[in-house]
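A, B, ... follow the sequence lines: proteins, then strands. Residue 1 opens every chain.
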Amino acid sequence: MWEKVKSFASEFFVTGDPLIYGADVSIALTLIALVSVLTYFKKWKWLWKEWLTTVDHKKIGIMYILSAFLMLFRGGVDALLMRLQLAVPELDFLLPDHYNQIFTTHGVIMILFMAMPFMFGLFNVMVPLQIGARDVAYPFLNALSFWLFFFGAMLFNLSFVIGGSPDAGWLAYPPYSELMYNPGPGQDFYIWGIQISGIGSLMTGINFIATILKMRAPGMKLMKMPMFSWSVLSSCIAIIFSFPILTATLALLFLDRYGGAHFFTLDGGGNPMMYINLIWMWGHPEVYIIVLPAFGIFSEIVATFSKKKLFGYKSMVYAMMIISLLSFLVWAHHFFTMGTGANVNAFFALTTMLIAIPTGAKVFNWLFTMFRGKITFETPMLWTIGFIPCFVTGGLTGVLLSVAPADFQFHNSYFLVAHFHHVIIGGVVFGYFAGLYYWWPKMFGFKLNERIGKWAFWFWNIGFYLCFMPQYVLGLMGMTRRVFSYGWDKGWGDLNLVSTIGAFLMGIAFLFQVWQIAHGVKHRKDNLDKTGDPWKHGRTLEWSIASPAPHYNFAVLPQVTEQDEWWEEKLRKKQGQFVPAAPKKLEPIHMPRNSGIPIIISAFFFVAGFGFVFHWTWFIIAGLAGVAACMVAHSFNYDTDYYIPVDEIERTEAESRVTN
Amino acid sequence: MKLSKVSKRMAAVLMPILLLLTTGCTKNIVVLDPKGPIAEQQMDLMIVSLILSCIVIVPVLVMTAIIIWRYREREGRQAAYTPRWEHSTRLEVVWWGIPIIVILILAVITVKGTYALEPSKPLESAEKPITVQVTSLNWKWLFQYPEQGIATVNELKIPEGVPVRFEITADSPMNSFWIPQLGGQMYAMSGMAMTLYLQADEVGEYWGSGANFTGTHFSDMYFDVESMTRDRFDDWVAGIKETSSALTLEGYKQLVEPSTSAVQTFSSFPEGLFEMTVTKYGASHNHGLSWEQAKKFQFEE
């Protein structure tokens with residue numbers, strides 16, 4: 001009996017690697033600490049009522065961003081482990097299989113469990129406020145989206161201590177990801193972690209399209225909508241067309257692995273090329289999905305801190321829509337060297353280059369927003385300015401890669417690795433940081449320390465260039481991606497060492513950000529945002545209400561007449577032309593009620609997913625039965641909403657720090 | 001595609017600057033040190049596209065610096081401030097127009113290059129090309145020389161100045177076959193045979209690698225490449241014929257087993273081994289082979 005338990009445990013838990021034992025211990029300690037603190041301070045009920053069951057878009061947004069930060073930490077540690085292994089030739093710091101698992105999880109986590117939730121977090125906290133709405137279109141669905149993402153991410157993350165991580169790269173190309181070469185549970189964790197969170201992403205896409213199209217404040221025509229909301233709309237359109245492809249692709253891979261099908265296998269008539277086409281039909285739009293909202297954020301910030309209207313509003317809108325459309329026509333540029341032939345390669349090279357045009361136009365528009373403005377350099381603006389040269393040069397290497405015949409020399413090399421980190425960090429991560437700093441006071445009601453923020457900014461930027469510029473050269477030296485070690489004879493040692501140092505500078509930068517947040521929380525009383533418009537030059541509706549926003553957002557829905565409604569109103573006041581509309585009578589506000597079902601149903605999805613990974617039928621049945629039971633329970637729940645009475649609104653408004 | 005003298009000179013200035021900016025060391029940059037016509041033309045394309053892109057990028061970077069400096073808020077500033085200025089058709093035409101023109105030029109060059117450098121297009125040469133059949137195995141490379149009747153593992157020798165027709169497949173997860181100094185890579189995929197023409201213009205030693213991830217010992221899939229005079233090549237072939245043992249089907253089965261390998265040479269190999277590898281996973285698509293032929297190549301289990 002004891003022998004049986006031992007042999008099960010040795011297969012079930014990942015053993016044999018001291019790094020992972022260390023992780024086991026730290027996970028256990030963190031959990032124990034968390035549970036004891038919550039119990040000691042009697043916070044369980046508060047946690048459940050205020051956070052776990054909430055349907056408030058602002059709180060959901062904060063939970064998204066918090067999860068994204070945790071995942072940034074995990075993915076970042078993965079990156080540093082890899083850079084350590086590559087710092088010097090012929091190091092034995094990581095075993096090859098462990099290295100392969102780390103680069104796989106680094107890629108998946110950074111794109112799907114860091115960038116996506118960070119983006120959804122910013123959607124959630126700001127879109128309803130920007131368009132003058134009281135909530136998203138489907139608040140329950142919104143909570144469900146978050147918890148599906150969360151449990152999907154947890155399932156994926158579990159793999160490194162239980163069962164073993166996937167090791168076939170972030171897109172899991174078959175045949176290597178098929179049973180023939182990859183019999184362990186790692187690939188199944190990959191499939192189910194992404195599937196479960198992917199349902200959430202798709203629902204968020206639908207939710208925000210509905211929110212933006214149907215819930216704008218009266219008078220806010222589409223062409224008067226803030227640029228960030230436009231970018232969210234364009235990104236969500238790409239989400240609803242691309243995520244179903246991902247779901248179908250992974251479902252087919254699952255059938256191969258679980259049901260013995262032969263969609264992508266070597267034998268039985270399977271065709272791995274089909275998977276590669278399908279996965280990039282999702283994968284390429286995906287990178288635009290995450291970068292478009294960053295473009296929106298930069299547009300907001302550059303106008304605010306230049307104290308000037310955004311230049312070329314309409315061409316910005318068209319550019320984003322063109323990018324969102326073109327992103328679906330370029331997927332084959334990821335495999336120019338797979339023998340697709342000159343006709344196909346020429347077509348996809350051209351569509352890829354075309355994207356440079358609208359993207360370039362946006363950069364010019366940002367530049368001319370600053371032109372004849374009054375630029376100040378608070379942290380959000382600093383990140384925006386840092387982004388421009390970074391993204392422009394990263395775009396340049398992207399154009400180089402799009403030249404199909406030359407790509408034969410870049411493909412699978414470190415040149416490519418450098419390029420996509422260049423644009424994704426320079427575009428997406430810098431953009432989300434800019435957005436986080438910009439909207440932080442609105443989310444939490446206090447400002448962060450600018451000095452620490454500037455240290456973080458410089459460490460990030462210097463580390464970034466030091467890390468990735470050498471990688472371009474390494475690519476031209478013939479270093480291929482995903483190698484876990486290399487010989488002394490190639491002469492790649494120096495540049496790799498520089499690159500590793502750069503990576504660690506970015507790690508230090510992250511610590512500065514953590515310190516900045518801790519410092520901000522500690523000293524929040526001294527830095528309260530009493531005006532609701534902490535940057536003093538806010539232009540859009542979110543700055544017209546108190547910080548943090550009351551849970552109903554707007555006591556009276558605003559009436560919009562112009563593009564930068566709040567800025568125009570401030571101008572009119574300044575010039576004494578402001579005629580306040582007759583104060584509207586407050587009315588009871590219709591609000592959704594909290595619900596425990598999203599978190600419970602997602603936990604059941606997690607159970608079912610875990611069952612699928614280990615082929616435990618009774619787990620699968622229990623999980624799916626739980627999901628069905630939750631659906632039934634929710635469909636018979638008629639107590640889903642309530643009204644906030646007028647006197648409560650009056651009280652909240654009086655307490656709020658709005659001084660306008 | 002051949003470059004004019006002017007652009008070659010520009011490139012000669014630009015590239016080192018780019019590299020010096022990033023590193024300060026320029027040796028070992030194999031992609032920029034081509035030894036064959038394909039790699040050379042690919043490098044030319046890189047340089048042309050770099051120069052074309054710089055037409056847009058450099059002014060943008062300069063403008064960014066000037067605008068941020070000039071319009072920063074400070075006391076006693078002279079520069080104009082126009083908070084409502086938000087549109088200028090003329091300017092927008094300029095910055096949509098210039099990139100469109102640049103991309104158009106680049107597009108023409110790219111399309112031409114795509115057809116000219118289509119990897120399965122034979123190289124123009126007075127010499128008759130030799131064929132090398134490449135098989136990616138877990139985690140080693142098998143090279144078969146059907147005309148010479150020999151085979152090697154992890155070592156490739158070719159005559160200089162002679163086009164080499166590589167036929168590439170895999171008996172393992174897909175990989176890609178890359179010799180940076182001779183030209184761009186080509187995927188090795190099971191169930192297919194890809195064609196890639198390369199040529200070494202001079203005698204010399206290079207190296208190649210598997211560029212696409214294939215699992216545990218992927219990082220060990222380097223191989224040495226040597227281009228030699230025709231006479232020395234013939235001597236090398238004759239030497240292998242004389243001293244090495246034959247590769248049998250049994251021996252091939254052992255090679256297929258996942259492991260790394262030192263250099264090996266074989267004086268012969270089973271007839272149709274490469275075709276067998278290509279067809280063994282293609283149950284439903286036989287790539288022109290009849291069922292009879294395909295069956296002949298199946299392993300006798």
Side-chain angles (χ1 to χ4, degrees), chain A residues 96-97 169 175-176 181 266-269 272 307-309 311-313 315 337-339 342 345-346 349-350 353 356-357 360-361 363-364 367 370-376 385 388-389 392 396 399-400 403-406 408-409 411-412 469-470 472-473 476-478 480 482-485 491 495, chain B residues 19 22-23 28-32 42 45-46 49-50 53 56-57 60-61 63-64 67-68 71-73 80-87 92 95-96 99-100 103 106-107 110-111 113-115 117-118 173 176 180 184-187 190 194 209 211-219 281 283-284:
Chain A
D97 282 333
Y176 188 65
Y181 298 103
L266 282 184
D267 51 348
K307 296 147 197 88
K308 193 160 158 271
K309 269 187 119 64
F311 197 86
Y313 177 93
S315 77
T337 66
M338 276 191 192
N345 280 2
L350 294 191
M353 290 173 185
I357 299 169
V363 174
F364 283 111
L367 281 183
M370 294 193 278
F371 181 73
R372 293 194 193 154
K374 281 185 187 167
I375 309 169
T376 48
I385 290 172
I388 290 177
V392 164
L396 163 99
V399 171
L400 297 188
V403 180
F408 281 70
Q409 287 281 40
H411 190 69
N412 277 333
M469 293 300 122
Y472 281 114
V473 187
L476 297 176
M477 290 173 134
T480 51
R482 294 174 179 150
V483 292
F484 102 97
S485 186
L495 288 173
Chain B
L19 293 173
T22 47
T23 62
N28 298 328
I29 303 184
V30 284
V31 170
L32 302 183
Q42 284 169 333
L45 272 170
M46 289 176 187
S49 47
L50 179 68
S53 309
V56 181
I57 301 301
V60 170
L61 290 176
M63 255 165 55
T64 309
I67 288 176
I68 291 171
Y71 295 103
R72 71 193 197 285
E73 190 168 329
Y81 172 53
T82 55
R84 284 193 172 276
W85 186 63
E86 52 152 346
H87 180 69
E92 298 239 19
W95 64 62
W96 282 82
I100 287 175
I103 294 289
L106 192 60
T110 302
V111 171
T114 307
Y115 285 96
L117 290 174
E118 160 59 39
S176 78
Q185 60 192 295
M186 179 49 74
Y187 270 77
S190 46
M194 316 279 262
S209 67
N212 190 61
F213 182 65
T214 50
T216 310
H217 286 287
F218 156 71
S219 305
Y281 296 113
S284 57

*Check each atom of B/Phe218 against the heavy atoms of chain A and say whether the ones under 4.5 Å are side chain, backbone, both or neither.*
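The side chain, not the backbone.
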*Sort B/Met186 into side chain, backbone, both or neither according to what part of it lies under 4.5 angstrom from a heavy atom of chain A.*
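Contact with chain A is through both the backbone and side chain of B/Met186.
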_Less than 4.5 Å to any heavy atom of chain B: does that hold for the side chain of A/Leu350, its backbone, both, or neither?_
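The side chain, not the backbone.
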*Using non-hydrogen atoms and a 4.5 Å limit, figure out which bit of A/Ser485 sits close to chain B: side chain, backbone, both or neither.*
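Only the backbone of A/Ser485 comes within 4.5 Å of chain B.
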[Y] backbone acceptor or donor facing [X] side chain under 3.5 Å:
X	Y	result
A/Gln409	B/Gln42	no
A/Tyr313	B/Glu86	no
B/Ser219	A/Phe484	yes

So which of [options] has the biggest tally of heavy-atom pairs under 4.5 Å with chain A?
options	answer
B/Ala107, B/Ser176, B/Gly215	B/Gly215
B/Pro173, B/Ser49, B/Gly184	B/Pro173
B/Ser209, B/Pro99, B/Pro180	B/Pro180
B/Val56, B/Thr214, B/Ile68	B/Ile68
B/Arg84, B/Glu118, B/Met63	B/Arg84

*Go through the steps for A/Arg372 and B/Tyr71 under the test side chain to side chain contact (heavy atoms under 4.5 Å, CB included), then give the verdict.*
CA-CA 6 Å; A/Arg372 293 194 193 154; B/Tyr71 295 103; 3.9 Å; yes
*Quick one: does B/Val30's side chain get under 4.5 Å of A/Leu476's, heavy atoms only?*
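They are not in side-chain contact.
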*Given B/Tyr187 and A/Asn412, is the side chain to side chain contact (heavy atoms under 4.5 Å, CB included) satisfied, shown in steps?*
CA-CA 11 Å; B/Tyr187 270 77; A/Asn412 277 333; 3.2 Å; yes
_Spacing of A/Met477 atom CE and B/Asn28 atom CG [to the nearest 0.5 Å]_ =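 These two atoms lie 5.0 Å from each other.
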*Please lay out, stage by stage, how A/Phe408 and B/Leu117 fare under the test side chain to side chain contact (heavy atoms under 4.5 Å, CB included).*
CA-CA 10 Å; A/Phe408 281 70; B/Leu117 290 174; over 6 Å; no
*A/Val392: what forms a side chain to side chain contact (heavy atoms under 4.5 Å, CB included) with it, not counting sequence neighbours?*
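Expected list: A/Val363, A/Ile388, B/Ile57, B/Val60, B/Leu61.
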*Is a side-chain donor-acceptor pair under 3.5 Å present for B/Tyr115 with A/Asn345?*
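No, no side-chain donor-acceptor contact under 3.5 Å.
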*Go through the side-chain N and O atoms of A/Thr376 and B/Glu73 and say whether any donor and acceptor fall under 3.5 Å apart.*
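On atom types as modelled, these side chains do not qualify, holding no pair under 3.5 Å.
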*asked:* Show, in sequence, the C-alpha distance, side-chain angles and deciding distance for A/Met353 and B/Thr110, and conclude whether the side chain to side chain contact (heavy atoms under 4.5 Å, CB included) test is met.
replied: CA-CA 10 Å; A/Met353 290 173 185; B/Thr110 302; 2.9 Å; yes
*Where do B/Glu92 and A/Phe311 come nearest, in terms of heavy atoms and distance?*
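Looks like OE2-CE2, 4.4 Å.
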_Distance-minimising heavy-atom pair for A/Lys308 and B/Thr82_ =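 Taking every non-hydrogen atom into account, CE-O, 3.2 Å.
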*Does the ring center of A/Phe364 lie less than 6.0 Å from the ring center of B/Trp96?*
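They do not qualify: ring centres at least 6.0 Å apart.
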*Picking from A/Ala349, A/Ala406, A/Pro272, which has the most non-hydrogen pairs under 4.5 angstrom with chain B?*
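Top count of heavy-atom pairs under 4.5 Å with chain B: A/Ala406.
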